[in-house]
Amino acid sequence: MQNQDIPAPAAPNESAAGRPASPRIPEGQRLVAVFALGVLLLNFPLLALWDVQATVMGIPVFPLALFGLWALLIGLVGWMADRKEP
Amino acid sequence: MSPQLVVGISFAYLALLFAVASYGDWRAARGRSIVGNAWVYALSMAVYCTAWTYFGSVGRAASSGVWFLPIYLGPTLAMALAWLVLRKMIRISRNNRITSIADFIGSRYGKSPMLAGLVTLITVVGIVPYIALQLKAVSGGYALLTTPLGESLVRHGPWWGDSTLYFALALAGFTIVFGARHLDASERHEGMVAAIAFESIVKLVAFLAVGLFVTYGLFNGVGDIFARAQAVPSLAGLVHAGTSGGFAWGQWFALLLLSMLSVIFLPRQFQVMVVENVDEQHLRRAAWVFPLYLWLINLFVLPIALGGLLIFGAGQMDPEGFVLSLPLAHGQPLLALLAFIGGLSAATGMVIVETIAVASMVCNDLVMPLLLRSRRVGHRAAGDLTQLILGIRRVAIVAILLLGYAYFHLAGEAYALVSIGLISFAAVAQFAPAMLGGMYWKGATRQGAMAGLLMGFGLWVYTLMLPSLAKSGWLSPGFLSEGPWGIALLKPEQLLGLAGLDNLTHSLFWSLLANVGAYVLVSLWRTPSAAETSQALLFVDVFEHTRQADPVFWRGRARVQDLQLLAARFLGESKANRLFDDYAKATGVADATRIEPDARLVRFVETQLTGAIGTASARVMVASVVEEEALALDDVLQILDETSRLRAHSAELEEKSKSLEHATRELRAANEQLKSLDRLKDDFMSSVTHELRTPLTSIRALSEMMAEDPDMPAEQRQQFLGIVVAETERLSRLVNQVLDMAKIESGHAEWRNADVDMGQLLAQSVQTTSEMFRERGASVQLRVPEWPVILRADPDRLTQVMLNLLSNAAKFVPAVAGRVEVVLTTDAQGLTVAVSDNGPGVPVQQQALIFEKFRQGGDESHRPQGTGLGLPISRQIVEHFGGRMWIDSVPGQGARFAFHLPRAGGA
């Protein structure tokens, strides 16, 4: 019963000081990077690399690549933007 | 298909849309919004996909392959930056109650009515071709659906027999019902957004249905279509970049840039993305769901285009009608009807939102400022102007649609859908420098924006708009081929001899170059004025200001009454009263009449008016009822400085008052303690003097009796003397204890340590007090270990502690069947001695107090004998040896006093 009088060992003051600050990259910068990547991928000369005489499962590579790159960008933006407010 | 059926179904569909909108409004009125949702928000953005997407993309794909795509890739790239750029736009618009692009630009550059008017003009002129595109698409679709396949679609008749005109008028009616039924200061249309989101689903489903039908119903999958197309030489090139003469990468980039800007600056996109936004967080989802929507709706464009060309053969059918003609030609009239409804969705959605947005711009930024300037309306003393505003908007909606219809007749027939749309895109792209520059560059000025817009718009008209009219035969063809007055350098599509670009890229290059150049150079010409600087600060630093600590750039005098009357004129009386009551509540005054007419109130009223009549008009109206001082640039900077100082100051004050509060609390606690100590000292003094007086009184009385009566019998004298001796002993005991306490407390006590056998010590103590217990009729039990428990301590002091505990127990045991138990236990650390009794116990609230000096158990009325120093002294002794003393007691079930002494004791 004596223990009641002894104050519990002071808990590390986590709530007040916040979690130890891990260096977080602002999401804005990541989104700008995705934007830059998109501009590069969807323009000359990178886009011209896909213009070849070949088909994948009967579909020509060029339109396939356009839709594929497009889907990739959508996925990246979704992955980076659509998360809960930290 | 009979025209009656198509018209009937179309109207039924529009009625359904209206039901959805009404439901949305109904829910909003009850505070259970259905549009407060990231999915609905993303779907409403898909108003970007118009009849252009629905019919035009297929046509474009059929003529030039993947060229329909950049118009949708651009928005995807733009949405990657939505969280940065759009969020800032939303925040600025919300803070300043901005409801249109004209308002945004006008407000940013010192609330300039001129600039807002210019933006509105550009918008109206620029957007007319786009409206025409929708009319053309729907009328074309209608003709295709109601004419037997293969017959000519062109009909000749009187103008009143033209179904497109009636379609335009019907759309105007619906738009009025959707967006201009009543005036809402916030300019948000929840029902409209719900209807638009619904339309987006309909057009996607319908287009995908046609796509699946063509791909898997008419062909054996995507691979089959491409394989068959490869076999036809004229179609094989469509799926490659390097078609005849190389791929125009410049144009590709221009289209990407153009659509990137348009997806933000088209009036309808601004309306759904910024004005109708409910929560900034919704942008996070819309940033990928909207591009995904675009991806899905474009998935089958190429298969449908190639499929149509393979089936009908090139040049036989208009590719823009493939989504209708393919199902019709293969006996699927219902699917064709569904496709038509999808196209109708795409067109009506665009027209409704676009005209609502443009009409409110025309009303707020073009007509109202002019009306308010005229004496008659501006100074009409009282009178509700809400009906007037509504009337202007309705007229504007009808006028815009009729303009669209006129353009459709003038130029529309000659152009493909996509080309018409791109003309509009290039017009709204002119807003980009003023908008984006205004959001990030504080140095931009009104003249800069004005010059940029004028240059950009002028070149757009010259290089894109006029040629479109010329190609339709309304201007002489020489204007294009020779240049005006035969000056070759001024050829509209090869300005200054710039050749090698298509007309769109050419126009975009010149207009944006001139726009940005004029904007930057003129802005750098002189420093921004006070009004420009204050707005620049509010716009560029929007994330640094909170709502409360916003600087208010206004000085002057105002009267609450005037402002309230003004608000009532434009918002309606009940709404104005409610606003003022809310404001009073928010500022903590009793009612609206007690509101302080300060700068903040003026800003509040102006912002509310802005929502209803636009920035420029609101500025004019507020200025007309208050006396304001003109602000110089220094004043603006001073106000900003004051605000930030005020903010810093209030933070500092808060900090200070917090620390003051803390200090006060501590002081109060210390004071309480001192007071209580003081009271204790007083109590002690009275208690000690009381204790001293009792024996003194009896000693004195007995001594006097003996002194006065020399003949007192020796026997009685002996008895008296005995009492005197006992009382003297009691006196000295008391004095000794007080001295003892003082000595221990001050650390001057003498300690004679020796090896003590605790068991023996306890036995002796019990022995010593046995007489006392016998008198009280109580039994004492002693339980000690069989082995000796040796401790280094002062035996006399420990005996003192034991005697004190035992005599305490003796005092409190009940008169009958009193029982006291003394137990000695040992553990690794040391030993514990407990003295338990079966007395009344100690109430919980007193358990801590009884160890304090001068406190005694029991209440004031029947205090037991004693000085009240026994327990405090005992505790001091135990603590001196490094131990501790405590009490466990349940009131009514006795008390258990115990102390623990460590083996390696103290001194």
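We name chains A, B, ... by the order of the sequence lines, and we start the count at 1 in each one.
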Of all residues at least two apart in sequence or in a different chain, which pass the side-chain hydrogen bond (donor to acceptor under 3.5 Å, both in side chains) check with E280(B)?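 R91(B).
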For D279(B), check side-chain hydrogen bond (donor to acceptor under 3.5 Å, both in side chains) against everything at least two apart and list the hits.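 Per chain and number, D279(B) pairs via side-chain hydrogen bond (donor to acceptor under 3.5 Å, both in side chains) with no residue.
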Check residues 289-302 of chain B and write down every donor-acceptor pair under 3.5 Å in which the side-chain atom is one partner and the other belongs to a residue at least two apart or another chain.
unit_1, atom_1, unit_2, atom_2, d
Y293(B), OH, S200(B), O, 2.4
W295(B), NE1, F67(A), O, 3.0
N298(B), ND2, L294(B), O, 2.9

Is L73(A) close to chain B through its backbone or its side chain, or both, or neither, when contacts mean heavy atoms under 4.5 Å?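 The side chain, not the backbone.
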At a heavy-atom separation under 4.5 Å, does L47(A) approach chain B through its side chain, its backbone, both, or neither?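 Both backbone and side chain.
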Interatomic spacing from [atom1] in [X] to [atom2] in [Y] - rounded to 0.5 Å:
X: F35(A); Y: M260(B); atom1: CZ; atom2: CE; answer: 4.5 Å
X: Q53(A); Y: Q230(B); atom1: CD; atom2: CD; answer: 7.0 Å
X: W288(B); Y: I74(A); atom1: CH2; atom2: CD1; answer: 9.5 Å

Count the heavy atoms belonging to other residues, nucleotides or ligands that lie under 6.0 Å from CH2 of W50(A), then report whether that count exceeds 12.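 It does not: W50(A) CH2 has 12 such atoms or fewer within range.
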Would you say the side-chain atoms of W249(B) pair up with the backbone N or O of A48(A), donor to acceptor, closer than 3.5 Å?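 No.
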Please list, in residue-number order, every residue in residues 71-78 of chain B that has a heavy atom less than 4.5 Å from any heavy atom of chain A; write 'none' if there are none.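 Counting heavy atoms that sit under 4.5 Å from chain A, the residues of residues 71-78 of chain B involved are Y72(B), L73(B), T76(B), L77(B).
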With respect to chain B, which residue among [options] yields the maximal number of heavy-atom pairs within a distance under 4.5 Å?
options: L64(A), I59(A), V39(A), V61(A); answer: I59(A)
options: L37(A), L76(A), L69(A), L66(A); answer: L66(A)
options: V34(A), L42(A), V56(A), T55(A); answer: L42(A)

Can you give me the closest heavy-atom contact between V77(A) and A287(B), atom names plus distance?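 Closest pair (atom of V77(A), atom of A287(B), distance): CG1-O, 3.5 Å.
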Do the non-hydrogen side-chain atoms of F226(B) and M57(A) ever get within less than 4.5 Å of each other?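 Heavy-atom side-chain distance check fails, nothing below 4.5 Å.
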